[in-house]
Asker: 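Just dropping this structure here.
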There are 2 protein chains.
Amino acid sequence: MTSSKNKLFAHFEQYIKLSDELKSALDSRVSFVSFKKGELVHDADSVCTKSYFIQKGLFRTYFYKDGKEISEYFPAENEWCNSPKSLMTRQKDIYYIDAIEDTEAFCLQVNDLGFLFDHFPEMERYARLSMGTVFGHLMERITSLRFTTAKEKYDHFIETYHGIHHRIPLGMVASYLGIAQETLSRIRGEK
Amino acid sequence: MTSSKNKLFAHFEQYIKLSDELKSALDSRVSFVSFKKGELVHDADSVCTKSYFIQKGLFRTYFYKDGKEISEYFPAENEWCNSPKSLMTRQKDIYYIDAIEDTEAFCLQVNDLGFLFDHFPEMERYARLSMGTVFGHLMERITSLRFTTAKEKYDHFIETYHGIHHRIPLGMVASYLGIAQETLSRIRGEK
DNA sequence: ATGATTTTTTGATATAGGTCAAATTGTTTT
DNA sequence: AAAACAATTTGACCTATATCAAAAAATCAT
């Protein structure tokens with residue numbers, strides 16, 4: 001039980017105190033999975049029934065528009081990754097997930113997640129508070145997408161993904177930012 | 001107690017069952033306030049300590065960039081309005097709130113909100129679930145801001161604010177969408 | 001390693017939409 | 001009902017960035 005799940009527990013403890021009961025409930029329900037670079041983690045053809053907490057590596061969520069992949073975000077170490085709407089509503093959504101790098105993650109099934117919410121009110125609080133954090137990021141991103149030049153968008157991306165930005169291929173960054181990859185290449189070129 | 005708070009209760013009941021205890025706890029903590037058109041509801045100079053549930057009317061949240069007002073969103077009937085990050089962290093944030101129309105609202109103090117979260121776990125669940133809804137809207141908006149023409153952005157705005165879009169002045173819509181108001185005027189002109 | 005993909009860079013061109021300025025229309029206020 | 005003020009529209013022009021095309025560089029598979 002002094003498991004390899006330290007980082008996962010530490011993540012929860014940023015928001016709530018973890019009782020021993022909750023710790024062991026988590027421990028028994030969380031499994032370990034790994035993916036190879038390029039592997040599909042979630043297919044939009046199916047309902048998303050799993051949430052991944054990344055231990056090591058890098059995922060990407062994306063969807064298709066006019067036959068092209070549009071990257072949505074890039075969850076890395078110590079972050080959750082899933083198809084949020086699909087997971088919550090148990091219906092299909094547009095998002096795919098794949099692994100940008102070889103990735104090790106913890107996996108929580110949606111049923112187990114439901115169990116935890118039903119039996120541990122502090123899990124509800126954790127969800128509310130951690131969603132608040134993500135909420136803030138989304139709002140910043142919305143601001144960054146309005147009234148900014150391509151250069152400013154790229155700068156904002158580097159801030160947001162400070163330690164990580166060089167691990168993400170240029171084309172994916174471009175679609176994440178909503179600019180042409182040629183433009184991004186030129187921006188990177190100067191300075 | 002068969003109060004005028006029906007709509008507020010109905011809103012909660014979209015997500016959770018309201019026990020009588022919670023109903024009366026809400027009832028005793030929620031007060032009624034009204035604002036005149038143009039009135040400032042929240043000043044970014046101060047910490048946001050109140051959350052408003054709009055009964056009738058229309059608010060706007062906005063911030064300043066380069067001396068100009070940028071509209072963030074337009075909460076109307078049966079929606080909450082506050083400065084989210086400020087309310088949650090009890091620190092100042094950049095957002096102002098004003099009333100686009102004469103508005104009647106229910107008001108909940110942050111302390112009371114804290115009390116409700118501490119004593120009614122179903123309130124935590126409500127918050128988690130309702131944030132999920134908003135979350136989805138933010139993601140759609142992010143998608144709409146990337147890779148779309150000004151016309152498509154405006155169409156998306158009309159969808160999002162279907163019954164309400166004509167109540168919002170053009171200049172505010174333009175800054176909400178991240179386009180010049182001259183451009184928006186021209187888009188509106190044709191067809 | 002070497003050829004075959006895939007990704008990134010570079011170049012030339014076109015255009016959507018920004019900016020500035022002024023005219024028009026609409027809305028308050030006295 | 002004016003006068004004053006604010007919001008919207010129209011016009012002229014310009015620039016950032018998209019698009020199309022091809023070369024160069026990097027990565028992958030045999």
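The figures that follow rest on heavy atoms only: side chains count, while hydrogens, waters and symmetry mates do not. Chain naming here is simple, since letters A, B, ... match the order of the sequence lines and numbering starts at 1 in each.
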Asker: Assess the side chains of B:Tyr15 and B:Thr133: does a donor N or O sit below 3.5 Å from an acceptor N or O?
Answerer: yes
Asker: Between atom CD in B:Glu190 and atom C1' in D:dT10, what is the gap in whole Å?
Answerer: 13 Å
Asker: Rounded to the nearest 0.5 Å, how far does CZ of B:Phe63 lie from CD1 of B:Ile94?
Answerer: 5.0 Å
Asker: Strictly under 3.5 Å: I want the nitrogen or oxygen pairs between protein and nucleotides 26-30 of chain C, one per line.
Answerer:
{"unit_1": "C:dT28", "atom_1": "OP1", "unit_2": "B:Lys37", "atom_2": "NZ", "d": "2.9"}

Asker: Between C:dT9, D:dA18, C:dT19, spot the one nearest the side chain of B:Glu182, thanks.
Answerer: C:dT19
Asker: Output the single nucleotide from C:dG17, C:dA12, C:dT19 whose closest atom is nearest the side chain of A:Arg186.
Answerer: C:dA12
Asker: Take atom CG of B:Leu170 and atom C1' of C:dT24, then tell me their distance rounded to the nearest Å.
Answerer: 15 Å
Asker: Using atom CD1 of A:Ile187 as one end and atom C1' of C:dT10 as the other, report the distance to the nearest whole Å.
Answerer: 15 Å
Asker: Salt bridge or not between A:Glu152 and B:Lys65? Use side-chain N to carboxylate O under 4.0 Å.
Answerer: no
Asker: Among C:dG17, C:dT9, C:dT10, which nucleotide sits nearest the side chain of A:Arg188?
Answerer: C:dT9
Asker: Which nucleotide, D:dT9, C:dG18, C:dT8, lies nearest any side-chain atom of B:Thr183?
Answerer: C:dG18
Asker: Could you grab the distance from atom CD1 of A:Ile100 to atom CG of A:Asp98, nearest 0.5 Å is fine?
Answerer: 6.5 Å
Asker: Rounding to an integer number of Å, can you tell me how far B:Leu184 CG sits from C:dT19 P?
Answerer: 14 Å
Asker: Taking the six-membered ring for Trp, are A:Tyr96 and A:Tyr64 ring centroids under 6.0 Å apart?
Answerer: yes
Asker: What's the CE-P distance between A:Met172 and C:dT6, to the nearest Å?
Answerer: 13 Å
Asker: Mind calculating the distance between CZ (A:Phe147) and C1' (D:dT15) to the nearest angstrom?
Answerer: 18 Å
Asker: Quickly work out the A:Gln181 CD to D:dT19 P distance and round it to whole Å.
Answerer: 12 Å
Asker: What integer distance in Å separates A:Tyr154:OH from C:dT8:P?
Answerer: 11 Å
Asker: Between the side chain of A:Lys7 and the main-chain N/O of A:Asn78, is any donor-acceptor distance below 3.5 Å?
Answerer: no
Asker: Could you tell me whether A:Tyr126 and A:Phe120 have their ring centroids closer than 6.0 angstrom?
Answerer: no
Asker: Rounded to 10°, tell me the angle between the two end axes of the helix from C:dA1-D:dT30 to C:dT30-D:dA1, each built from five pairs.
Answerer: 60°
Asker: With a non-hydrogen cut-off below 4.0 angstrom, is B:Ile179 in contact with a base, only sugar-phosphate, or nothing?
Answerer: sugar-phosphate
Asker: With a 4.0 Å cut-off on N to O distance, would you call B:Glu124 and A:Arg125 a salt bridge?
Answerer: yes
Asker: Examine A:Arg141 relative to A:Tyr176 and say whether NZ or CZ is less than 6.0 Å from the centre of the six-membered ring and inside a 45° cone about the ring axis.
Answerer: yes
Asker: B:Ala180 has a side chain; which of D:dA18, C:dT19, D:dT8 sits nearest to it?
Answerer: C:dT19
